[in-house]
Amino acid sequence: MSIDLSRLTTEGRNTASENIDMLDTEAMLRVINSEDQKVALAVEKVIPAIAQAVDVIVAAFKQGGRLIYCGAGTSGRLGILDASECPPTYGTPREQVVGLIAGGHRAILQAVENAEDSLTLGIDDLKALNFTAHDVLVGIAASGRTPYVIAAMKYAQSLKATTVALTCNENSEMAHIANIAIVPVVGPEVVTGSSRMKAGTAQKLVLNMLTTGAMIRSGKVYGNLMVDVEATNLKLVQRQINIVMEATGCTSDIAEQALKACGGHCKTAIVMVLGQLSAEQATHLLADNGGFIRQALGDAGIK
């Protein structure tokens with residue numbers, strides 16, 4: 001069965017790189033860099049849609065729902081990358097943000113033949129996660145036509161779950177299906193059809209915004225400090241100390257003492273130091289205020 005890709009922007013010929021194989025190395029790289037500079041501007045144009053998606057994700061988290069990414073190839077790998085970095089960065093449960101890829105775990109490292117063309121695998125993967133109406137599904141595909149993703153989105157919508165499409169082609173089937181369509185149009189790739197390049201970069205920028213925005217709105221950032229970071233190595237232990245020092249203006253010794261007293265939880269240590277409270281008092285204050293440091297401090301009458 002033939003597929004007409006001629007109408008897809010991501011499959012077009014880029015006039016700026018038509019003779020790139022004839023350029024010297026530095027000139028070749030300047031063409032790539034010049035094209036890459038267009039990506040952030042394309043993402044800027046769709047910030048209102050990204051904001052909509054962030055608010056929906058935050059609302060889902062408050063109800064115990066999850067953020068599920070679904071994609072094939074590069075798109076699937078980018079979703080898995082973003083999901084896998086949430087627990088160490090923000091202390092989230094590993095099941096709160098999940099990345100699915102057509103073909104399963106093996107497809108993370110190598111292509112799995114025909115997996116992205118399946119109309120059943122996406123549904124099966126969501127069922128295996130016990131996907132419900134409380135969850136949010138973000139379908140990721142540069143083309144906007146990947147069957148694996150479309151089938152998963154339709155299944156999610158049959159459950160009344162919110163669906164988000166992240167694609168780099170206007171008027172795609174995914175964009176029409178989704179409740180929220182995020183469509184940064186980056187134009188033809190330097191190497192025709194190689195959507196791991198500009199399209200992939202655009203997808204990575206948007207995914208960064210989705211989870212970072214949702215975590216900020218969920219109280220996991222104080223100022224610009226990642227106050228729920230997990231200390232899983234020596235670098236991150238020191239980062240925790242630095243975060244408490246930055247947030248409170250205290251010494252390294254005081255930060256270490258507070259972190260030790262509360263079991264290595266930055267938020268609690270910060271409230272302890274700023275409020276001159278015990279670990280138990282700070283823990284209760286944070287729990288009463290949904291984990292938001294500013295609200296917890298305000299509740300204790302601390303500015």
Side-chain angles (χ1 to χ4, degrees), residues 46 48-73 75-87 90 92-105 107-108 112 114-169 171-183 203 206-207 209-215 217-218 290:
V46 297
I50 301 171
Q52 274 187 279
V54 167
D55 289 341
V56 165
I57 293 165
V58 173
F61 286 168
K62 288 180 179 177
Q63 297 175 5
R66 301 165 295 175
L67 168 59
I68 310 297
Y69 291 135
C70 175
S75 297
R77 295 181 192 104
L78 288 170
I80 289 170
L81 173 64
D82 194 67
S84 67
E85 291 177 344
C86 288
Y90 297 111
T92 59
R94 299 197 177 276
E95 65 273 11
Q96 187 175 50
V97 184
V98 178
L100 297 175
I101 185 170
H105 189 269
I108 298 172
V112 175
N114 297 324
E116 73 172 62
D117 296 324
S118 173
L119 292 172
T120 59
L121 286 179
I123 297 171
D124 292 342
D125 287 346
L126 289 182
K127 287 181 177 179
L129 288 177
N130 295 315
F131 187 90
T132 75
H134 296 297
D135 301 322
V136 175
L137 180 68
V138 177
I140 314 168
S143 67
R145 57 153 302 279
T146 304
Y148 170 85
V149 179
I150 289 172
M153 291 176 66
K154 287 181 177 178
Y155 174 74
Q157 289 198 323
S158 75
L159 301 178
K160 308 300 182 186
T162 300
T163 58
V164 179
L166 173 52
T167 173
C168 295
N169 281 289
N171 299 315
S172 69
E173 184 175 356
M174 277 175 52
H176 286 301
I177 290 171
N179 298 111
I180 301 169
I182 302 172
V183 189
Q203 289 172 335
V206 172
L207 297 177
M209 287 181 166
L210 291 179
T211 45
T212 303
M215 297 305 167
R217 287 282 172 255
S218 297

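Counting begins at 1 with the first residue of the sequence. A quick note: this is a predicted structure, and the numbers were derived from the prediction, not measured.
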For the side chain of [X] and the backbone of [Y], is there at least one donor-acceptor N/O pair under 3.5 Å apart?
| X | Y | result |
| --- | --- | --- |
| Q203 | I140 | no |
| R77 | A107 | yes |
| D135 | T132 | yes |
| T167 | V183 | no |

Should [X] and [Y] count as side-chain neighbours, where that means a heavy-atom distance under 4.5 Å?
| X | Y | value |
| --- | --- | --- |
| L210 | Y69 | yes |
| E85 | T211 | no |
| L129 | L100 | yes |
| V54 | M209 | no |
| Y155 | L137 | no |
| V136 | F61 | no |
| V56 | Q52 | no |

Between [X] and [Y], which heavy-atom pair has the shortest distance, and what is it?
| X | Y | answer |
| --- | --- | --- |
| G71 | V149 | CA-CG2, 3.7 Å |
| G99 | A83 | N-CB, 3.7 Å |
| I182 | A53 | CD1-CB, 4.1 Å |
| A115 | A102 | CB-C, 3.7 Å |
| A165 | M153 | CB-CE, 4.0 Å |
| I150 | M174 | CG1-CG, 3.7 Å |

Nearest-0.5 Å distance that lies between atom [atom1] in [X] and atom [atom2] in [Y]:
| X | Y | atom1 | atom2 | answer |
| --- | --- | --- | --- | --- |
| H134 | T162 | NE2 | OG1 | 11.5 Å |
| N130 | E95 | CG | CD | 12.0 Å |
| F131 | I123 | CZ | CD1 | 12.0 Å |
| L119 | Y148 | CG | OH | 12.5 Å |
| T212 | L207 | OG1 | CG | 10.0 Å |
| L121 | L126 | CG | CG | 11.0 Å |

(Q) Check this for me: H176, atom NE2, are more than 12 non-hydrogen atoms of other residues, nucleotides or ligands nearer than 6.0 Å? (A) yes
Q | side-chain contact (heavy atoms from CB on, under 4.5 Å) between R145 and N169, intermediate numbers included | A | CA-CA 9 Å; R145 57 153 302 279; N169 281 289; over 6 Å; no
(Q) The test is side chain to side chain donor-acceptor pair (under 3.5 Å); show your working for T146 and E116 and say whether it passes. (A) CA-CA 6 Å; T146 304; E116 73 172 62; 4.6 Å; no
Q | Sole candidate of I80, I68, L67 that passes side-chain contact (heavy atoms from CB on, under 4.5 Å) when paired with V98 | A | I68
